[in-house]
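Convention: sequence-line order gives letters A, B, ...; per-chain numbering from 1.
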Number of protein chains: 2
Amino acid sequence: MISEKFLMGRGRHELSSEEKQVLEDGIESVRQVPARKQIVRAGDLIDTSTLLLEGFVCRYMDDREGQRQLVAVHVPGDFVDLHAFPMKRLDHDIATLGPVKIACFEHRTLQSITERYPHLTQKLWFSTLLDAAMHREWIFRLGRLGAEGRIAHLFCELNARLEMVGMAADGRYMLPMTQPDLAEASGLTGVHVNRVLRALREKNLLTFKAGEVNILDHKALAAVAEFEPQYLYGYRGD
Amino acid sequence: MISEKFLMGRGRHELSSEEKQVLEDGIESVRQVPARKQIVRAGDLIDTSTLLLEGFVCRYMDDREGQRQLVAVHVPGDFVDLHAFPMKRLDHDIATLGPVKIACFEHRTLQSITERYPHLTQKLWFSTLLDAAMHREWIFRLGRLGAEGRIAHLFCELNARLEMVGMAADGRYMLPMTQPDLAEASGLTGVHVNRVLRALREKNLLTFKAGEVNILDHKALAAVAEFEPQYLYGYRGD
DNA sequence: CGAAGTATTGACCCATTTCAAAGCATGTGG
DNA sequence: CCACATGCTTTGAAATGGGTCAATACTTCG
């Protein structure tokens, strides 16, 4: 089954096997996309939403000088732009980080699902609300934390989410992001991210090398990050 | 009709008169709440969602030292915590800014609405997605703009949203927020907000005095803010 | 091997914070 | 109606976190 991870990182609401089947049948196509490719452009009319099967994608907005601000990072199981279904066009771009495999759903398929399965609809709605909750946490992260906290928080969040889909264990996971990427996700410069990573390394909290994250002291890292995972609804880690 | 502003700031989807009636009938009670009162506490189980009829409320999260970060400001017509319906508990607090009038909807009422009116459900879903779009814009605001841009952006956004519900005209509107409140919404200190407001005043872009905002040069202000209102879906101002 | 992206480091600069103090409203209880 | 408390606004001076600029290494890959 293609959809083993469907919404798996999406907390409280497990899908019933009927619901999984409905979604599985709704897949219009499965595609591979190489790394660093734009998938959706802000403002375009869209009639398809994509579920991420393998790999990582990000959503971002550009400032006037073309500098990116990431607004979300997605992991396998996430319905990346389900919100395009009610919204029809997006206010941001979407691009792959590493190479990915995605499943495409046409909006008319989703339309008929929402008309026939209100219970599943509510789970889909919930999934988009979880994205909003993560957005809020990012607002907090950028508004109230210093550079170390911001980076630490990002790594804590990804650790939690990847654990939920079985892609992280013991604080170790692969993440195809560069230091400038981390900067774009954290409202910092690449140079400063480098210094922050060194500081975290020297405190024996975490290493990040060649796309591999290794959290050495989760408790201390979470303290620096003021990380409290309730906002992920359903994550059961410490 | 109590609900004249229902989702009015919520863009593209005008409600049909039948839908307005369904919502109107769903109101369980209407309450007045004084200024600076907490309405919802993070983590509590909720069985009611509130629609804002008059006044302003904010949503926020506390950091470890109890400092607030606002994650949203709501204006009349907004369904403040509709997301509590699918989510059941919230990851943030909600409080009034000035005195407000709110309408309460029990979740079992909303449940039956979603089962009977898929089309209306989609509009409600859309409304929560608009909040997410505003969250994303705030992430951008905090991550990529300096202090002047952040404050300018906030005033531009509120101007646009209040215009949509007929509460702003010619760049003038009332806003029951203090300078420390603006700081909490912008990831700044109160002291610095004061200096930024002076700078904006001295550039003849905007005045803010005694809760009254007066945008003097909207175009220049929007430039400072890098404000592009597409993310509000349906705002037709410049 | 060379090219291009990525990581690292140093020195200097500036935006914003922090700390401190004073001035203004506003409201409350005596 | 005054006295005092409380919270908001304003300003100054000093400290600092993070940015900018610039140069050098390290990878990876064609």
Side-chain angles (χ1 to χ4, degrees), chain A residues 34-37 63-69 95-99 141-154 174-203 206-214 224, chain B residues 34-37 63-69 95-99 141-154 174-203 206-214 224:
Chain A
R36 306 283 154 175
K37 263 270 193 301
D63 72 7
R64 187 157 294 132
E65 282 100 46
Q67 295 249 54
R68 287 181 177 193
Q69 173 65 46
T96 60
L97 287 166
R141 191 168 69 88
L142 296 178
R144 282 285 161 294
L145 301 183
E148 281 195 25
R150 293 187 203 173
I151 297 291
H153 191 288
L154 181 59
M174 299 306 297
L175 180 69
M177 290 177 79
T178 65
Q179 290 181 7
D181 291 335
L182 296 174
E184 290 173 346
S186 309
L188 300 168
T189 59
V191 172
H192 199 57
V193 166
N194 184 282
R195 296 194 239 262
V196 167
L197 287 175
R198 175 171 33 148
L200 293 172
R201 196 186 322 125
E202 283 168 357
K203 291 180 185 170
L206 162 130
T207 63
F208 176 64
K209 187 113 196 166
E212 179 163 13
V213 179
N214 192 352
V224 170
Chain B
R36 307 283 157 175
K37 262 268 192 301
D63 72 7
R64 187 157 295 129
E65 282 99 47
Q67 294 250 53
R68 287 183 178 193
Q69 173 65 46
T96 61
L97 286 166
R141 192 167 69 88
L142 296 178
R144 281 286 162 285
L145 302 183
E148 281 195 24
R150 293 187 203 172
I151 297 292
H153 192 288
L154 181 60
M174 300 306 298
L175 179 69
M177 288 177 81
T178 66
Q179 291 181 8
D181 291 335
L182 297 174
E184 290 174 346
S186 308
L188 300 168
T189 58
V191 171
H192 200 56
V193 165
N194 184 280
R195 296 192 239 262
V196 167
L197 287 175
R198 175 168 37 144
L200 293 172
R201 195 186 322 126
E202 283 169 356
K203 291 180 184 170
L206 162 129
T207 63
F208 176 64
K209 187 114 195 164
E212 179 163 13
V213 180
N214 193 352
V224 170

hbond_proxy B:Arg201 side chain to D:dT9 base (donor-acceptor, 3.5 Å cutoff): no
Spacing between A:Leu182 atom CG and C:dA7 atom C1', to the nearest angstrom: 12 Å
Close side-chain approach of B:Arg141 and B:Leu154, heavy atoms under 4.5 Å: yes
Whole-Å gap separating C1' (C:dA15) and CD (B:Glu148): 11 Å
Worked check of side-chain contact (heavy atoms from CB on, under 4.5 Å) between B:Gln179 and B:Leu197: CA-CA 9 Å; B:Gln179 291 181 8; B:Leu197 287 175; 3.6 Å; yes
Atom pair distance, as rounded to whole Å: CD in B:Glu184 and C1' in D:dG7: 13 Å
A:Gln179 CD to C:dT9 C1', straight-line distance once rounded to whole Å: 12 Å
Sugar-phosphate, base or nothing in reach of B:Leu188, heavy atoms under 4.0 Å: sugar-phosphate
5' precedence on DNA chain D between A:His192 and B:Ala210 (nearest-nucleotide basis): B:Ala210
Options D:dG12, C:dA7, D:dT9, nucleotide nearest the side-chain atoms of B:Val191: D:dG12
Test log, rule side-chain contact (heavy atoms from CB on, under 4.5 Å), inputs A:Thr178 and A:Asp181: CA-CA 5 Å; A:Thr178 65; A:Asp181 291 335; 3.2 Å; yes
From CA spacing to verdict: side-chain contact (heavy atoms from CB on, under 4.5 Å), B:Leu206, B:Arg201: CA-CA 5 Å; B:Leu206 162 129; B:Arg201 195 186 322 126; over 6 Å; no
B:Arg198 side-chain N/O to D:dT11 phosphate OP1/OP2 under 4.0 Å: yes
Between C:dT8 (C1') and A:Phe208 (CZ): distance, integer Å: 15 Å
Option among A:Leu145, A:Val224, A:Leu200 that satisfies the side-chain contact (heavy atoms from CB on, under 4.5 Å) test with A:Ile151: A:Leu200
Side-chain N or O of B:Asn194 closer than 4.0 Å to phosphate OP1/OP2 of D:dT9: no
Any side-chain heavy-atom pair of B:Asp63 and B:Gln69 under 4.5 Å: no
Nucleotide of D:dT20, D:dT9, D:dA13 approaching B:Thr178 most closely (side-chain heavy atoms): D:dT9
Donor-acceptor pair present, A:Arg144 side chain and C:dT17 base, under 3.5 Å: no
Test side-chain contact (heavy atoms from CB on, under 4.5 Å) applied to A:Thr189 and A:Glu184, step by step: CA-CA 7 Å; A:Thr189 59; A:Glu184 290 173 346; over 6 Å; no
Angle by which the axis turns from one end of the helix from C:dC1-D:dG30 to C:dG30-D:dC1 to the other, five pairs per end, to 10 degrees: 40°
N/O (side chain, B:Thr189) to phosphate O (OP1/OP2, C:dT16) under 4.0 Å: no
Side-chain donor/acceptor contact of A:Arg150 with base of D:dG18 under 3.5 Å: no
B:Arg36 CZ to C:dT26 C1', straight-line distance once rounded to whole Å: 14 Å
Sugar-phosphate only, base, or nothing, as touched by A:Gly190 at under 4.0 Å among non-hydrogen atoms: nothing
Value in whole Å for how far the P atom of D:dT10 lies from CG of B:Leu200: 13 Å
Test item: A:Leu97 and A:Arg36 side chains (from C-beta on) under 4.5 Å apart, heavy atoms: yes
A:Arg195 or B:Lys209, whichever maps to the more 5' nucleotide of DNA chain D: B:Lys209
Touch class at under 4.0 angstrom, heavy-atom based, for B:Gly187 against every strand present: sugar-phosphate
